[in-house]
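Everything below concerns the one structure shown next.
As a basis for the values below, the full set of heavy atoms in this structure was taken, side chains included, without hydrogen atoms, waters or symmetry mates. As the structure is a computational prediction, the values presented were derived from the model and not from experiment.
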Amino acid sequence: MKIELNSVYNPEVPENKWYEVWEKNGFFTSSPDAQKKPFSIVIPPPNVTGALHMGHALNNTLQDVLIRWRKMRGDNTVWVPGTDHGGIATQNVVERLLAKEKKTRHDLGREKFLEYMWNWRREAGDQILRQLRKLGCGCDWTRTRFTMDDQHSRAVTAAFVELYQRHMLYRGTRLVNWCCRCDTALADIEVEHVERDGRLWHIRYPFRPDQPLPEGSSNCVVVATTRPETMLGDTAVAVHPDDPRYKDVIGKILILPLMNREIPIVADPAVDPTFGTGAVKVTPSHDQADFEIAQRHRLPHEMVIGFNARMTDRAGRYAGQSLAECRRNVVNDLTELGLMEKEDPYRHSVAVCYRCDSIIEPLESTQWFLKTTGGLAGRAAQSTRNGRVRIFPESWEKPYLQWLDHNRDWCVSRQIWWGHKIPVWYCLNCSQFTEEQLQLLAKDPGFKGETAKMILRNSSGEPIVRVQEPIVCPHCGREEIIRDPDVLDTWFSSALWPFSVFGWTGPRQRTPPPPEGTVIESKDLAPQDYYYPTSVLVTGHEILYLWVARMVMMGEELASEVPFRHVFVHGIVRDKQGKKMSKSLGNVIDPLDVIKKYGADALRFSLATSAVPGRDMQLSDENFLAARNFANKIWNASRFVLMNLEDYTPADIPLATRDLADRWIRRRCAETVGAVDELLGQYDISAAARRLYAFFWNEFCDWYIEMAKIRLQDRAHPGRRAAQQTLVETLDGVLRALHPIMPFITEELWQSFRQTTGQPVGDTVSLMTASFTGSPSAEETGDEVPRSMGFLMDLITSVRTIRSEMNVPIAKTVDMVVRFGAVNGMAESAKTLLKSHEIVIQRLAKVASIRSDETTVRPAQSASAVVGPLEIFIPVGGLIDFEKERKRIEKEIGLLETDVGRVTQRLENREFLEKAPSAEVEKTRERLLDVQSKLKRLKGHLAVLV
RNA sequence: GGGCGGUUAGCUCAGCGGCAGAGCAUUGCCCUUACAAGGCAGGGGUCAGAGGUUCGAAUCCUCUACCGCCCACCA
């Protein structure tokens with residue numbers, strides 16, 4: 001074969017070539033096959049909010065590594081791709097786009113807006129899938145799904161109705177987290193808390209004057225608050241029942257300033273007497289804790305803040321004001337009245353929306369909730385506790401369980417437009433609307449306005465929950481039915497993803513899985529039984545609760561089985577400063593830019609290397625550069641091998657006729673592949689990648705190839721065929737092991753090899769479908785081979801060090817004089833090695849001649865070293881720098897002396913001898929002898945150094 | 001207020017009971033026909049601090065300090 005490979009690796013060529021070949025040959029597709037073990041992954045569907053970011057690149061690289069690895073291991077692998085409609089996140093993106101045209105979604109109206117959304121999602125969705133291909137992801141594209149396609153929509157509706165019928169979904173009036181900007185309720189977990197500088201205002205609430213007050217008490221109660229504007233909605237003041245300061249005023253009536261409303265003082269154990277003044281204003285409609293106090297004391301609710309973030313009519317003269325305006329006015333008014341006692345700076349946490357960072361208002365509202373407490377969350381936790389869902393690394397198990405254990409019911413209804421409409425209808429007749437409400441509804445037939453929505457949301461009638469749109473009310477038979485305008489939380493929909501993608505569109509009876517190890521006979525298994533539960537879910541820890549926990553709950557409840565056996569939790573990609581990458585911070589690295597600059601394999605390799613279990617990672621150009629260099633190294637090493645295969649024919653060369661180096665590298669290769677296999681099984685992809693890097697570079701390239709050159713450069717060399725064969729085997733083995741991480745370059749090179757070595761090449765022969773563990777296999781045992789190789793490497797390094805220290809020019813060869821120590825086994829084998837590897841030493845250490853005997857006298861003007869049982873002398877003539885040589889030897893002596901000291905001390909320790917494992921003691925003894933002998937000889941060298 | 005993780009070479013990080021490692025940076029020599037995106041050889045560390053467990057601790061335990069995440073209804 002003509003060698004056309006350039007000396008600089010150009011990733012574009014294989015990247016543009018192979019993906020198409022793989023896809024065209026159907027290597028990514030999968031169908032149930034009872035003869036083969038399934039290995040299935042469903043993609044965490046990226047939101048169609050825009051392009052893929054580095055976090056996606058990481059997530060999908062890791063999945064692809066696992067998929068490709070398991071495929072090469074012979075499993076029937078499937079990786080289901082798709083995208084998520086992304087609810088609020090996506091709607092926000094599109095709304096921002098509209099804002100640039102100075103439009104809001106209300107200008108378009110619901111229908112037009114949704115049309116706009118669908119157009120957006122087509123573009124963004126396609127882009128994401130294209131990017132996954134660029135990355136090299138081996139997804140089964142025939143199964144591509146979207147969380148708002150017909151099938152998934154059917155699943156969502158079916159799930160809603162089913163859960164409603166099982167009384168797990170209910171409508172309730174609660175304090176919910178309301179984002180005034182996104183105009184919707186949010187689940188608790190969608191709220192973030194940020195520390196902000198604020199103030200703590202102390203306000204005087206006067207007693208109603210007609211009451212008898214205890215001796216010496218003041219005429220008011222002071223309450224502390226960070227939100228003075230909410231006082232307009234106060235319906236009580238609460239104190240701790242045992243607080244001596246207030247014991248006697250419990251039950252008394254206060255006059256709420258500005259509103260002149262009478263409110264009682266109630267005693268509630270939830271009040272912390274040590275905070276502030278020990279008296280708390282109670283605003284049931286706008287504070288969770290107050291809501292609960294109000295429930296216990298049957299206090300009235302005053303909703304003074306509206307869903308539009310303005311004060312409601314209940315706020316008296318403050319009605320219509322924005323929250324900030326109202327706060328200013330309330331503070332001013334109270335100050336004027338002399339009711340503001342003081343105002344302290346105060347740092348506290350503020351609730352903000354996870355999608356837009358706006359402040360969250362706790363508002364009273366009627367919403368749909370999934371009852372997760374008790375049953376659902378409990379069972380999900382149980383399945384991890386009993387090992388049916390294992391989490392890797394284990395350190396995530398505790399926080400995961402903790403979250404499930406402290407779970408609260410999940411608010412699943414959203415008031416945005418982009419999403420699955422909830423399958424709920426109301427009968428105007430049965431809903432007991434007031435005349436006034438009906439009129440308002442009539443004014444807004446599409447129920448697009450806030451008022452109409454509120455009326456519907458708060459209607460008291462029994463909702464009609466159906467898969468199919470009802471034509472008449474099932475209760476009264478009348479046709480005046482209207483659909484609830486709410487949509488579902490996007491996470492409700494994605495919680496169904498793992499079984500929806502395999503065809504689930506409603507619950508069904510499921511036969512229990514056969515016992516482990518049973519051979520399944522049936523040929524036409526339903527995909528959901530074959531691939532489900534999936535093998536592993538690969539995800540970042542930021543959506544462990546938001547998504548993973550919910551999938552487990554839904555899987556168990558609706559699909560009768562957990563959605564995955566393993567959860568592989570990886571870290572989050574951060575920038576060089578350790579900050580999370582985000583568009584607003586402007587610190588994002590675009591994966592496509594990296595691919596363009598360094599190649600997809602380099603990107604994948606650096607992501608894989610950085611994916612240390614349980615740790616977030618910082619990425620920068622340096623990582624990509626190092627990986628790019630590695631790809632180049634692979635390229636050039638392979639080029640070298642290819643260049644030496646012109647006269648190669650595959651040969652079965654028995655071990656006995658192979659060189660020490662051949663046997664060594666074959667063994668190391670097998671060990672490396674074995675280790676990589678095991679590490680991948682533990683989801684330690686980082687360690688696997690590092691292991692491959694070290695083997696390829698430091699062992700295969702730095703030593704083996706260099707040694708093999710000797711036999712290759714002489715066409716007539718008797719060892720040439722063995723060297724060629726070993727090179728081919730090793731390269732083949734390591735390319736296979738590298739393929740899951742670096743698919744493009746390995747395929748390209750592997751194909752070249754197949755061609756050069758005369759093995760079948762064609763579209764259907766691909767490294768993708770080759771076996772992970774190829775040759776060489778580990779037939780070497782014992783420590784003879786590695787020990788001999790170690791000795792040779794030490795020897796060569798020692799000579800090189802001397803040459804370098806003495807500034808011997810590279811072109812100049814040196815002579816080597818060797819003296820053997822005591823005649824023993826080690827000296828004998830060293831002698832043999834020296835003889836058999838004379839040429840190797842000569843070539844790698846640039847040595848002209850080797851003279852050796854037992855009684856050699858040190859040549860004049862020579863530098864020296866001790867290697868195992870040998871003393872070596874390198875006469876360097878005028879180049880000798882005695883000072884430098886002395887320092888070098890002294891340094892080594894120093895190191896050896898501390899070593900001798902440490903080891904001696906250990907061996908003099910009785911307890912060590914008694915308690916340490918005997919192998920350890922033996923090892924230490926040997927080491928002492930080694931080190932002592934080396935030390936003695938080096939000291940001798942120093943003494944005669946002239 | 002709880003929980004988790006981090007602190008190892010100048011930088012970024014592996015290692016997590018038995019001779020302190022890698023990449024980048026750095027010093028010297030080399031364009032040695034696979035690779036200068038490279039080769040060879042160096043220099044550089046009280047493994048945050050203090051206790052403890054152990055024959056033996058960077059590694060296990062406790063505490064402290066600083067950094068970072070996550071959870072929680074402290075007005």
Over how many whole Å does the gap from [X] atom [atom1] to [N] atom [atom2] extend?
X	N	atom1	atom2	value
F753(A)	A34(B)	CZ	C1'	11 Å
E397(A)	G3(B)	CD	C1'	15 Å
D616(A)	C4(B)	CG	P	17 Å
L625(A)	G38(B)	CG	C1'	13 Å
E706(A)	G39(B)	CD	P	9 Å
N629(A)	A37(B)	CG	P	8 Å
M707(A)	C40(B)	CE	P	12 Å
E892(A)	C19(B)	CD	P	18 Å

Notebook entry, point to check: Mapping V8(A) and A637(A) onto RNA chain B by nearest heavy atom, which one lands closer to the 5' end?
Noted result: A637(A)
Note to self: Reading RNA chain B from 5' onward, which residue's closest nucleotide shows up sooner: C701(A) or S686(A)?
What the structure shows: S686(A)
To the side chain of [X], which of [options] is closest?
X	options	value
N632(A)	G3(B), A37(B), G39(B)	A37(B)
S804(A)	A14(B), A37(B), G28(B)	G28(B)
R906(A)	G28(B), G18(B), A34(B)	G18(B)
Q618(A)	C13(B), G18(B), G42(B)	C13(B)
K923(A)	A34(B), G18(B), C55(B)	G18(B)
K891(A)	C19(B), A41(B), G44(B)	G44(B)
N636(A)	G38(B), A34(B), G6(B)	A34(B)

Notebook entry, point to check: Hey, is the side chain of K633(A) pairing donor to acceptor with the base of A37(B) inside 3.5 Å?
Noted result: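 Checked by distance alone, the answer is no.
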Check: Looking only at N and O atoms, is any donor in the side chain of R800(A) or the base of A41(B) less than 3.5 Å from an acceptor on the other one?
Finding: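 Absent.
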Next item on the list: Indicate for each nucleotide in nucleotides 70-75 of chain B, in 5' to 3' sequence, whether protein heavy atoms under 4.0 Å reach the base (B), only the sugar-phosphate (S), or nothing (-).
Entry: S--B-B
Heavy atoms only, 4.0 Å cut-off, all strands: where does [X] land among base, sugar-phosphate and nothing?
X	value
R628(A)	base
R927(A)	base
W201(A)	nothing
D702(A)	sugar-phosphate
A916(A)	base
P917(A)	base
Y693(A)	sugar-phosphate

Measuring only the [atom1] atom in each nucleotide, how far is [N] from [M]? A whole number of Å is fine.
N	M	atom1	result
G42(B)	A58(B)	P	26 Å
G15(B)	C60(B)	P	11 Å
A14(B)	C47(B)	C1'	13 Å

Margin query: I'd like to know if the side chain of W201(A) pairs up with that of E343(A) as donor and acceptor (distance under 3.5 Å, no hydrogens or angles considered).
Written below: yes
Note to self: Assess, by modelled atom type and distance only, whether the side chains of N636(A) and R639(A) contain a donor and an acceptor separated by less than 3.5 Å.
What the structure shows: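 Yes - a donor-acceptor pair under 3.5 Å links their side chains.
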Margin query: Counting neighbours of CD on E678(A) that are heavy atoms of other residues, nucleotides or ligands and sit closer than 6.0 Å, is the number greater than 12?
Written below: no
Next item on the list: Take atom CD of E12(A) as the centre, draw a 6.0 Å sphere, and report whether it contains more than 12 heavy atoms from other residues, nucleotides or ligands.
Entry: no
Next item on the list: Could you walk me through whether R296(A) and D268(A) pass salt bridge (Lys or Arg N to Asp or Glu O under 4.0 Å), step by step?
Entry: CA-CA 8 Å; R296(A) 286 193 284 270; D268(A) 195 284; 2.9 Å; yes
Please determine if [X] and [Y] form a salt bridge, counting it only when a charged side-chain N lies under 4.0 Å from a carboxylate O.
X	Y	value
R910(A)	E914(A)	yes
K884(A)	E805(A)	no
R174(A)	E364(A)	no

Next item on the list: Please determine if a side-chain N or O atom of K398(A) lies less than 4.0 Å away from the OP1 or OP2 oxygen of C4(B).
Entry: yes
Hey, would you say the [X] and [Y] ring centroids sit under 6.0 Å apart?
X	Y	result
F630(A)	F605(A)	yes
Y246(A)	H240(A)	no
Y400(A)	W396(A)	no

Checklist line | Pairing pattern in dot-bracket form [Watson-Crick, G-U; both distances under 3.5 Å; | = partner strand] for RNA chain B | finding: ((((((((.[[[[.)..(..]]]].(((((.......))))).....[[[[[..)....]]]]])))))))....
Check: How would you list, by chain and number, every residue that makes a salt bridge (Lys or Arg N to Asp or Glu O under 4.0 Å) with D899(A), sequence neighbours excluded?
Finding: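 Counting only residues at least two positions away or on another chain, D899(A) forms a salt bridge (Lys or Arg N to Asp or Glu O under 4.0 Å) with R902(A), R927(A).
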